[in-house]
Novice: 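Got a structure for you, written out below as structure tokens; questions coming shortly.
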Amino acid sequence: MSSFQGFSISEKEKEGHFQEDNGHVDTKEEIGDYIAHHLKDAHDFHLFSYTSDSGERKHVGFSLPVIIWSSKGLVSFMSSEFHHDDAGRTIVDKKGLKFTKIHSKIYELDANATAVSFDEEHHATNAHKVLDFSITKSVFGILIAGLLMFLGFFSLAKGYKKGAIPTGIGRVLEPLVIYVRDEIARPNIGEKKYKKFMPYLLTVFFFIWILNLIGLTPLGFNVTGQIAITACLAIFTLIIYMTNGSKDFWAHTLWMPGVPYLLRPILAFLELVGFILIKPFSLLVRLFANITAGHSVVMGIAALMILLKAQFGTPTATGISFFLTLFLMVIEVLVAFLQAFIFTMLSALFIGMAVEEHDHAHDH
Amino acid sequence: MDIFNDFSIGLFAMQAFILIVLIFLLGKFAWKPILNAIEGREEGIKDALQAAENAKKEMQNLQADNDRLLKEARAEREAMLKEAREIKDKMISDSKEQAQLEGDKIIKQAQAAIEGEKKAALADIKNQVGNLSVEIAEKVIKEQLSDKDKQLKLVEGLLGDIKLN
């Protein structure tokens with residue numbers, strides 16, 4: 001995880017170099033910052049920026065609502081009030097409180113402070129983070145994914161009222177639903193109990209897959225690359241398999257039969273750590289790391305166009321970058337599906353482990 | 001950039017809330033009807049396949065039955081034809097025999113009649129011959145007796161013969 005240090009916000013950004021050289025991203029550090037910025041969540045929906053002939057920086061996109069829980073309760077305003085500032089310079093005054101945005105996080109300034117002051121490590125000294133329930137870019141992406149799922153699957157469900165064979169988009173979605181049922185749920189959870197978990201598995205599968213795919217579009221979402229999102233998904237899986245554990249599962253986890261009594265508490269500890277910490281952690285990190293890495297590499301390779309310009313000239317650099325990026329994007333499309341599949345598959349596997357009932361005729 | 005520092009509780013909460021809503025709504029209005037419909041259809045397909053298999057078997061049975069019936073009918077026809085032929089042959093031979101017998105009988109009767117007629121005719125002829133003979137003999141005798149001299153001569157001749165003896 002220390003490799004992400006490479007994208008840490010450099011000192012230069014504090015000075016606002018985006019403004020200094022018309023927002024051109026043309027050095028290694030700037031590219032690193034740009035990628036790091038993209039990987040983070042954002043409070044406005046930003047498509048691209050350009051500098052007009054008059055030298056004015058223009059941002060294309062729209063602002064999203066900011067909803068925060070401050071020391072004086074719920075406060076909400078549009079993100080446009082920050083004027084695209086992400087370095088704590090613009091102060092928004094609401095309910096007598098001062099808010100600012102530093103690296104995609106909203107801070108509430110201390111009572112008598114008028115501007116943010118930073119310490120050596122670039123941490124704000126006179127402001128603290130607030131609980132941020134904003135409709136951020138990621139939340140916006142989730143809503144779009146949810147909407148797409150509603151549209152697609154409601155129409156599929158409605159289609160069955162007309163006939164047994166779906167038409168239109170349903171023709172594409174139905175085999176996927178059957179795929180999740182027959183390749184993921186049934187073999188891992190078992191014929192008897194899989195039905196109960198189908199809503200969760202299907203929702204999670206399509207949720208992750210759609211968000212992964214949306215992340216590959218130029219809209220620049222990076223939802224499944226947000227640790228909060230993957231953690232939430234993993235915790236859902238954790239809660240589901242912990243609350244649905246069978247008697248056998250708990251017996252085998254907490255008091256493993258057929259093992260010397262002295263070892264049983266140790267085994268129980270290891271099993272619990274495995275189920276409560278390691279398994280969800282592996283779920284959340286796998287998805288997060290794969291998507292983050294994918295986005296970083298695609299953007300980095302795309303940036304070769306700028307970095308190789310000096311050595312190879314614009315056409316060659318663009319060509320190299322184009323084909324490498326194209327190649328990677330194809331892989332990323334595969335990864336988008338694969339990660340959704342793996343997450344759902346492992347969730348089903350863990351649920352299957354928990355709900356399994358052992359046949360005691362041949363005890364271990 | 002520490003990723004745990006980057007963890008946004010707000011985003012986590014929003015995601016959890018939206019995910020629950022999604023699972024609930026999709027589960028109720030999409031997954032349940034979709035899975036039920038798919039399952040129903042699969043059952044239908046299974047049943048239809050089974051029915052088709054049954055129908056095929058039934059067809060095969062019917063076909064076998066038909067074949068058997070056809071064979072039986074053919075055999076029956078064959079037997080009937082044979083019987084008819086036999087009856088015909090028997091009838092022909094019977095009638096032939098009867099005709100023969102009848103013919104024989106008629107011939108015998110005819111022969112008997114002819115014999116009877118013949119006998120009668122012969123008897124008649126015999127009678128007539130007898131009568132004629134008697135008449136002739138009468139006439140001859142009458143003639144002979146009318147000539148006395150001749151008679152006397154004859155008698156003399158006869159007497160002469162006797163003397164010789």
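Chain letters run A, B, ... following the sequence lines, proteins first and then strands; every chain starts at 1. A quick note: this is a predicted structure, and the numbers were derived from the prediction, not measured.
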Novice: Name the member of B/Leu35, B/Val21, B/Ile9 that forms the most heavy-atom pairs with chain A at distances under 4.5 Å.
Specialist: B/Leu35

Novice: Where does A/Val177 contact chain B at under 4.5 Å (heavy atoms): side chain, backbone, both or neither?
Specialist: side chain

Novice: Side chain, backbone, both or neither: which part of A/Ile235 has a heavy atom under 4.5 Å from chain B?
Specialist: side chain

Novice: Quick one, A/Phe45 with A/Phe221, criterion ring-ring contact (aromatic ring centres under 6.0 Å, His included). Give me CA distance, side-chain angles, the key distance, then yes/no.
Specialist: CA-CA 9 Å; A/Phe45 191 90; A/Phe221 285 110; 5.4 Å; yes

Novice: Counting only heavy atoms closer than 4.5 Å, note whether A/Phe133 contacts chain B via side chain, backbone, both or neither.
Specialist: both

Novice: Determine, using ring centers only, whether B/Phe24 and B/Phe29 are less than 6.0 Å apart.
Specialist: no

Novice: Side chain, backbone, both or neither: which part of A/Leu173 has an atom under 4.5 Å from a heavy atom of chain B?
Specialist: neither

Novice: At a heavy-atom distance under 4.5 Å, which candidate from A/Ser138, A/Ala157, A/Gly170, A/Gly152 has the highest pair count against chain B?
Specialist: A/Ala157

Novice: Does B/Glu83 come within less than 4.0 Å of B/Lys90, counting only side-chain N to carboxylate O?
Specialist: no

Novice: Out of curiosity, B/Leu159 CG to B/Lys153 NZ, how far, rounded to the nearest 0.5 Å?
Specialist: 15.0 Å

Novice: Among A/Phe153, A/Tyr179, A/Tyr200, find the residue that satisfies the ring-ring contact (aromatic ring centres under 6.0 Å, His included) test when tested with A/Phe206.
Specialist: A/Phe153

Novice: Under 4.0 Å between a side-chain nitrogen and a carboxylate oxygen: does that hold for B/Glu78 and B/Arg74?
Specialist: no

Novice: Mind ranking A/Leu131, A/Val204, A/Leu202, A/Ile142 by heavy-atom pairs under 4.5 Å with chain B and telling me who comes out on top?
Specialist: A/Leu202

Novice: Which distance, rounded to the nearest 0.5 Å, do you find between the NE2 of A/His128 and the OG of A/Ser71?
Specialist: 5.5 Å

Novice: Can a donor-acceptor pair be found, under 3.5 Å and without considering hydrogens, that links the side chain of A/Thr230 to the backbone of A/Leu284?
Specialist: yes

Novice: With a 4.5 angstrom heavy-atom cut-off, is it the side chain or the backbone of A/Lys195 that approaches chain B, or both, or neither?
Specialist: side chain

Novice: Given that the side chain runs from C-beta out, which part of A/Leu143 has a heavy atom under 4.5 Å from chain B: side chain, backbone, both or neither?
Specialist: side chain

Novice: So which of B/Pro33, B/Ala37, B/Ala13 has the largest heavy-atom pair count under 4.5 angstrom toward chain A?
Specialist: B/Ala37

Novice: Pick whichever of B/Leu26, B/Ile20, B/Leu25 has the most heavy-atom pairs under 4.5 Å with chain A.
Specialist: B/Leu26

Novice: Of the backbone (N, CA, C, O) and the side chain (C-beta and beyond), which part of B/Ile18 lies under 4.5 Å from a heavy atom of chain A, both, or neither?
Specialist: side chain

